[in-house]
There are 2 protein chains.
Amino acid sequence: MPAPEKITNDPNAPVDPRVETLVNELIGRVADKWTLLVLEELEDHRTCRFTELSRRVPGISQKMLTQTLRQMERDGLVVRTVHPVVPPKVEYCLTDLGHSLGEAFCGVWVWAEANLEKVARARMAFDARG
Amino acid sequence: MPAPEKITNDPNAPVDPRVETLVNELIGRVADKWTLLVLEELEDHRTCRFTELSRRVPGISQKMLTQTLRQMERDGLVVRTVHPVVPPKVEYCLTDLGHSLGEAFCGVWVWAEANLEKVARARMAFDARG
DNA sequence: TCCTTATGCTCTCCAAAGGAAAGTAGGCAC
DNA sequence: GTGCCTACTTTCCTTTGGAGAGCATAAGGA
């Protein structure tokens, strides 16, 4: 074997480009506006129904909610439980994997809350410069 | 004053809905695929030229790179330095704010690297179920 | 002189993504 | 029957995004 990329803890270690591609794809998939907002709702209310989510996630359309939830289900982030009753009742709940992603994004929420003001000021300054 | 939302350290404290709206908007702005990828490149190579970025960020079009960089500049995440030479030379560099956002996203990159396999398996299982 | 090259955009055209609103299924209350 | 409830699905139309060509400028070569 010609030393095929060892797994190390060195953050500066070169990464297998194939892995980097996959990671980029996954980031692109998961760091989506709607995915993030749905993820946050499900973090707050461990389990949620469809209509509840569509009310809680500001501005999402039913189409995008369905699509986002399907993708999240496919990626193993949520479980979809159908209760065979009428009218239909479908519950969505985070998996452990989904919860871990929520925790990973926690830093971004904190950042956003902490830096709202700075961004607002930067925008005003930028817009003033024309 | 009718007690208008105190700033607390309690993570379960109710948040001013206006702040929540602003945070959601900022998240939507910042948690964009291209913004993330550009941010990562700039984290790795503290300062980068336009063409360099377009080569390094896989799959980005010039239009989106320009647009993404403008938005990031407006939000105070990068500084754009134009060197008045021919051919033109423009350098982009993270601000402290941009760097702090990069660190906030660090957890997501780590998560993606750590859970590539799990997501891949979840997808296969989902697709197999039809 | 004219042509090429290099860079950072900008513009145009077309395809894909996404929002709004209406439609669907199917049992239940009226 | 009529209408309601929920979780979608479908249709239509607007917006976003990608591909590729164009532009401005000056140095350097034929």
Side-chain angles (χ1 to χ4, degrees), chain A residues 21 24-39 41-42 45 47-75 77-94 126 129-130, chain B residues 21 24-39 41-42 45 47-75 77-94 126 129-130:
Chain A
T21 303
N24 282 354
E25 278 171 12
L26 185 51
I27 292 282
R29 172 62 268 295
V30 123
D32 162 73
K33 181 185 172 185
W34 296 133
T35 303
L36 245 72
L37 293 174
V38 168
L39 194 65
E41 275 317 312
L42 289 174
H45 313 52
T47 165
C48 250
R49 298 183 61 179
F50 184 88
T51 309
E52 210 177 335
L53 279 173
S54 73
R55 261 186 288 106
R56 286 187 194 282
V57 177
I60 197 167
S61 68
Q62 288 190 326
K63 190 166 94 174
M64 286 317 292
L65 181 55
T66 307
Q67 207 175 102
T68 302
L69 287 169
R70 281 294 135 72
Q71 288 173 330
M72 292 176 77
E73 191 193 357
R74 190 170 107 95
D75 290 343
L77 302 177
V78 301
V79 271
R80 178 171 178 271
T81 312
V82 182
H83 301 271
V85 296
V86 168
K89 177 173 182 179
V90 180
E91 285 182 329
Y92 294 90
C93 180
L94 282 186
F126 182 90
R129 285 200 301 277
Chain B
T21 302
N24 282 353
E25 277 170 13
L26 186 51
I27 290 281
R29 169 65 267 295
V30 122
D32 162 72
K33 182 185 172 185
W34 296 132
T35 303
L36 246 70
L37 261 24
V38 167
L39 193 65
E41 275 317 310
L42 289 174
H45 314 50
T47 165
C48 250
R49 297 182 61 179
F50 185 87
T51 310
E52 208 178 338
L53 279 173
S54 73
R55 264 185 286 106
R56 285 187 195 284
V57 177
I60 197 167
S61 67
Q62 288 191 326
K63 190 165 94 173
M64 285 316 292
L65 182 54
T66 305
Q67 207 175 102
T68 303
L69 287 169
R70 282 293 135 73
Q71 287 173 331
M72 292 176 75
E73 191 194 356
R74 189 169 109 96
D75 290 344
L77 303 177
V78 302
V79 269
R80 178 171 178 272
T81 312
V82 182
H83 301 270
V85 296
V86 169
K89 178 172 180 178
V90 181
E91 284 182 330
Y92 295 91
C93 181
L94 282 187
F126 182 90
R129 286 201 299 277

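Within every chain, numbering begins at 1; the chains are lettered A, B, ... in the order of the sequence lines, protein sequences first and strands thereafter. We use all heavy atoms of the structure for the numbers below, so side chains are in, but hydrogens, waters and symmetry mates are not.
Put simply, the side chain of Phe50(A) reaches to within 4.5 Å of the side chain of Leu69(A), judged on heavy atoms. For the pair Asn24(A)/Val57(B), no side-chain contact is recorded, criterion being any heavy-atom separation below 4.5 Å from C-beta on. Side-chain atoms of Ile60(A) and Leu37(A), non-hydrogen and from C-beta on, never get closer than 4.5 Å to each other.
Residue Thr51(B) has no polar side-chain atom (N or O) positioned under 4.0 Å from OP1 or OP2 of dT7(C). For the OP1/OP2 pair of dC9(C) and a distance below 4.0 Å, the side-chain nitrogens and oxygens of Arg80(B) include at least one atom meeting the criterion. Remark: Arg49(B) is in phosphate contact with dG8(C), judged by side-chain N or O atoms under 4.0 Å from OP1 or OP2. Between Trp34(A) and the phosphate of dA17(C), there is no side-chain N or O to OP1/OP2 separation shorter than 4.0 Å.
Without hydrogens or angle criteria, Asp32(A) side chain to Trp34(A) main chain gives a donor-acceptor distance under 3.5 Å. At distances below 3.5 Å, not a single donor-acceptor pair connects side-chain atoms of Thr35(A) with backbone N or O atoms of Ala31(A).
Of all heavy-atom pairs between Arg29(A) and Met72(A), the closest is NH1-N, 4.3 Å.
Counting to the nearest Å, the P atom of dC8(D) and the CZ atom of Arg70(A) are 5 Å from each other. Residue Leu65(B) contributes atom CG, which lies 16 Å from atom C1' of dG20(D) at whole-angstrom precision. Rounded to whole Å, atom C1' of dG18(D) lies 11 Å from atom CD1 of Ile60(B). Taking atom CZ of residue Arg55(A) and atom C1' of nucleotide dA7(D), one finds them 13 Å apart after rounding to whole Å. As rounded to whole Å, 15 Å separates atom P of dT15(D) from atom CD of Gln67(B). Separating the CZ atom of Arg29(A) from the P atom of dA17(C) is a distance of 13 Å, rounded to the nearest angstrom. For the pair Met64(A) CE and dA17(C) P, the interatomic distance rounds to 10 Å; values are reported in whole Å. As a whole-Å value, the separation of Glu73(A) CD from dC8(D) C1' is 14 Å.
For Phe50(B), whose side chain is taken as the heavy atoms from C-beta onward, the closest listed nucleotide among dC9(C), dA7(D), dG17(D) is dC9(C). Closest to the Thr66(B) side chain, of the nucleotides dT7(C), dA7(D), dT10(C), is dT10(C).
Tested against Cys48(B) for a side-chain contact (heavy atoms from CB on, under 4.5 Å), the candidates Leu42(B), Val90(B), Val38(B) yield a single pass: Leu42(B).
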How does protein reach along nucleotides 21-30 of chain C, written 5' to 3' as B (base within reach of a heavy atom under 4.0 Å), S (only sugar-phosphate), or - (no contact)? -B---BB---
